[in-house]
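Residue indices begin at 1 and follow the sequence shown. Note that ligands are numbered from 1 as they come in the structure, with each ligand's atoms numbered from 1 the same way.
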Amino acid sequence: MRNMYLLGLALSLASHSVLAQNPPAPLPPKDVFVADLLKQMTVDEKIGQLRLISIGPEMPRELIRKEIAAGRIGGTFNSITRAENRPMQDAAQRSRLKIPMFFAYDVIHGHRTIFPISLALASSWDMDAIALSGRVAAKEASADGIDLTFAPMVDIARDPRWGRTSEGFGEDTYLVSRIAKVMVHAYQGVSPALPSNIMASVKHFALYGAVEGGRDYNIVDMSPVRMFQDYLPPYRAAIDAGAGGVMVALNSINGIPATANLWLMQDLLRKDWGFKGVAVSDHGAIIELIRHGVAKDGREAAKLAIKAGIDMSMNDKVYGEELPGLLKSGEVPQSDLDNAVREVLGAKYDMGLFADPYLRIGKTQDDPADTNAESRLHRSEAREVARKSLVLLKNQSETLPLKKQARIALVGPLAKAPIDIMGSWAANGQPAQSVTVFDGMRNALGQQGTLIYARGANITDDQKIVDYLNFLNFDNPEVTNDPRLAREMIDEAVKAAQQADVVVAVVGESRGMSHESSSRTSLDIPASQRALITALKATGKPLVLVLMNGRPLSIDLQQQQADAVLETWFSGTEGGNAIADVLFGDYNPSGKLPITFPRSVGQIPTYYSHLTIGRPFTPGKPGNYTSQYFDEANTPLYPFGYGLSYTDFSLSDVSLSAKTLKPGASLTASVTLKNTGKRDGETVVQLYLHDVAASMSRPLKELKNFQKIMLKAGEQKIVQFTLDENDLKFYNAQLKYAAEPGEFEVLIGLDSQNVQQNSFQLL
Ligand code: NOJ
């Protein structure tokens, strides 16, 4: 059977036109095919399949091809064009068994056309928009010969000090789980074996977002109930949606590193959840088991990882160096190796690579003449999605939208920032193709109005931070400071403001500040920019802050100084046009925060779904021994789910179709949503539940459903949600997932704080 397949493959390699006329016989079913191939492999070839390596200085191209042809590499990441990948696939086809390579990449929020960062995508609360971003990414990445993405990243993030907050979809279990499913379907389509789809490898399994203190790579220590209730569901949702891969987290969980965690990788992932795909370590994670203090040397590290079920080792040599000896001594049974190889081959089968190793690489003559060609981008899709991801946080006296006839001072270090606007993990996005805020406003104004630009400040004047950020990107230092004195730059900006009707200040973080290994102890806008904002405020001109950042920032003072605040996150290739659409009112903002904004770093954690406590803070009654910080307001600055529009909406009381719910039955909760303003607009109606008395303390509120609704000015609509017992279930102290009879409050609002309320009994 295998020989027939190889014959077909050889023919297809000899001539693609022959392949087109005589497609090879369909492959046998996956398990038969993989078992047959496994039988033919030597131990070295098997170990070779477990090696996933990055193209880099220590692995020059010539050496890689040699290694591949010798059957010593299973897949690579970080090569991003068909022309780069083809010679590697050719080398694989010269290897004894011609097992195809796969090519992976971090396609997190777009590939060539960069979409808003994940946190911004979540802000859209628009599953179609999010799906579109994933589809376009899959299309563009597959057209560049990429077979697998290390995404979606679904780590729940509740501590914004963590730089990777930007890469995930926020703090809420339900919202992130919905997005996890959407993203897997978007990347993989009906099957990851089709040429314009790619395989999804969900990460970082598990709980990486809960690193202690928000410090990257730190430990995670968490109760089982919290794990199951809050942090694990998004990974599960991705796996249930069919994600072909899982990337294992770098952190330990209650003392056991994920990479060596038998409970996590075997009992939970494989046995309980039935995951049948490939498990990939994170970068260098196996050898790091030594530094975690659970392995005394590489040999023990390799043994722990393979036994845990880490199928592929990313960028470390330890499997190659240690597995032969471990197998020989019998410390690692052959079956452990075979299990790992089976998953790698199975994933390649699922990616369609055994049927055609050149599925996504195509023929040389079809390669784009210019890989960065404009025609390869999907600008209108990116602009559409980016507009939906912007969140209006404040709009006093209708400062926004701006008039196109106005004289506008555009200031701030991020107004002309083609690299930063793409956000971190910008795959193959080209800064030269980014539309900055300056470009976008210019485009929108055309011949009208006046735009007076001044930089106003550097991102930060702290040289140590600049050096750190540039060290992160040492190939191409990204943060370049204007050599002028801070005072000179501010004076120039103030002069611009004085000549203008309104000031737009684009401020926040450089993209590297919200990235892997970019944890912060402060959530402040850097001092150089705070000084700029204060100086602009002093001019008395209406001040609009356009925020660019990858995490919630503590902007209490700045939002008081500003008349309007628009959160734009890092909005991607078309970000500038999308921002201009909102600033000038060509699009009415509809985004809602997927993460709480604290007033200060000291308030963390501020997630909205906090468990009930015995002495909750009672506003207006200070000093009465309730849970509070006495030196600051106890509410967040902006709650989860918050975001304004240029129109106004009202919500009626909540009506329920019944006051009791029997197990197995359902009831309907309805509200009337009315657009009471003068413009058409969209908002998100959010349904939360609260289990009033249960066997354990339950969250004050938990998001259970939402609908994004468009209404014309003056229009109203009844919005209905169906609830059943499944919505009421939770993991109890024995980790049993069940609903408990009793009272449930239904809370419906346009954010998590201001809600209408009703209640029913579960019988
Ligand atoms: C390390 C990161 O933690 C992970 O998310 C990423 O996929 C790999 N590097 C590969 O770039």
Side-chain angles (χ1 to χ4, degrees), residues 51-59 73-80 102-111 117-119 137 141 144 146-157 162-169 176 180 183-184 187 198-211 214-220 234-235 238 243-253 257-259 277-289 291-292 305 310-316 347 423-429 472-475 511-512 514-519 550:
R51 189 164 165 217
L52 175 63
I53 60 143
S54 175
I55 320 282
E58 70 291 358
M59 255 296 178
I73 296 180
T76 68
F77 61 110
N78 286 344
S79 56
I80 30 176
F102 75 82
F103 303 100
Y105 196 37
D106 289 289
V107 179
I108 310 289
H109 53 106
H111 175 63
I117 58 166
S118 304
L119 195 61
D144 272 350
I146 287 157
D147 305 300
L148 179 143
T149 174
F150 299 129
M153 189 281 216
V154 299
D155 305 324
I156 295 290
W162 191 46
R164 302 194 82 166
T165 300
S166 59
E167 249 181 277
F169 300 102
V176 180
M183 272 306 202
V184 170
Y187 290 135
I198 55 177
M199 183 172 274
S201 180
V202 60
K203 69 189 184 189
H204 302 84
F205 190 66
L207 323 181
Y208 186 26
V211 283
R215 209 174 67 235
D216 212 0
Y217 318 123
N218 203 358
I219 63 157
V220 172
Y235 309 106
V246 161
M247 184 188 290
V248 183
L250 291 163
N251 52 278
S252 61
I253 296 173
T259 307
V278 65
V280 180
S281 84
D282 202 342
H283 209 122
I286 300 180
I287 199 72
E288 285 173 19
L289 292 175
R291 282 193 299 244
H292 274 288
I310 308 299
D311 302 323
M312 287 194 101
S313 114
M314 184 190 286
N315 246 31
D316 58 29
S424 56
W425 298 108
N428 206 24
L472 279 179
N473 290 287
F474 48 89
D475 291 344
R511 69 169 183 169
S514 275
H515 186 45
E516 182 179 346
S517 186
S518 292
S519 299

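- Side-chain contact of N315 with S54: a donor-acceptor pair under 3.5 Å is absent, judged by distance alone.
- Under the 3.5 Å distance criterion, the side-chain polar atoms of Y187 are matched with a main-chain donor or acceptor of V107.
- At least one N or O atom of K203, backbone or side chain, sits closer than 3.5 Å to an N or O atom of ligand 1.
- D155 places no side-chain N or O within 3.5 Å of a backbone atom of G209 that could act as its donor or acceptor partner.
- Of all the atoms in ligand 1, the ones that sit under 4.0 Å from a non-hydrogen atom of M247 are 4 (C), 7 (O).
- Annotation: side chain of W162 is not in contact with side chain of E167 (no heavy-atom distance under 4.5 Å).
- Atoms of ligand 1 found under 4.0 Å from any heavy atom of F150, numbered from 1 in the order shown, are 7 (O).
- Regarding atom 5 (O) of ligand 1, its nearest protein heavy-atom neighbour is H204 NE2, 2.6 Å.
- Considering only heavy atoms from C-beta on, D106 comes within 4.5 Å of K203 through its side chain.
- The residue from D106, L52, D216, D282 that puts a heavy atom closest to atom 11 (O) of ligand 1 is D106.
- Atoms of ligand 1 lying under 4.0 Å from any heavy atom of F77, numbered from 1 in the order shown and given with element: 10 (C), 11 (O).
- No N or O atom of W425 sits closer than 3.5 Å to an N or O atom of ligand 1.
- Relative orientation of the F77 and F150 rings is perpendicular, given thresholds of 30° and 60° on the angle between their planes.
- Heavy atoms of M153 found under 4.0 angstrom from ligand 1: none, in either backbone or side chain.
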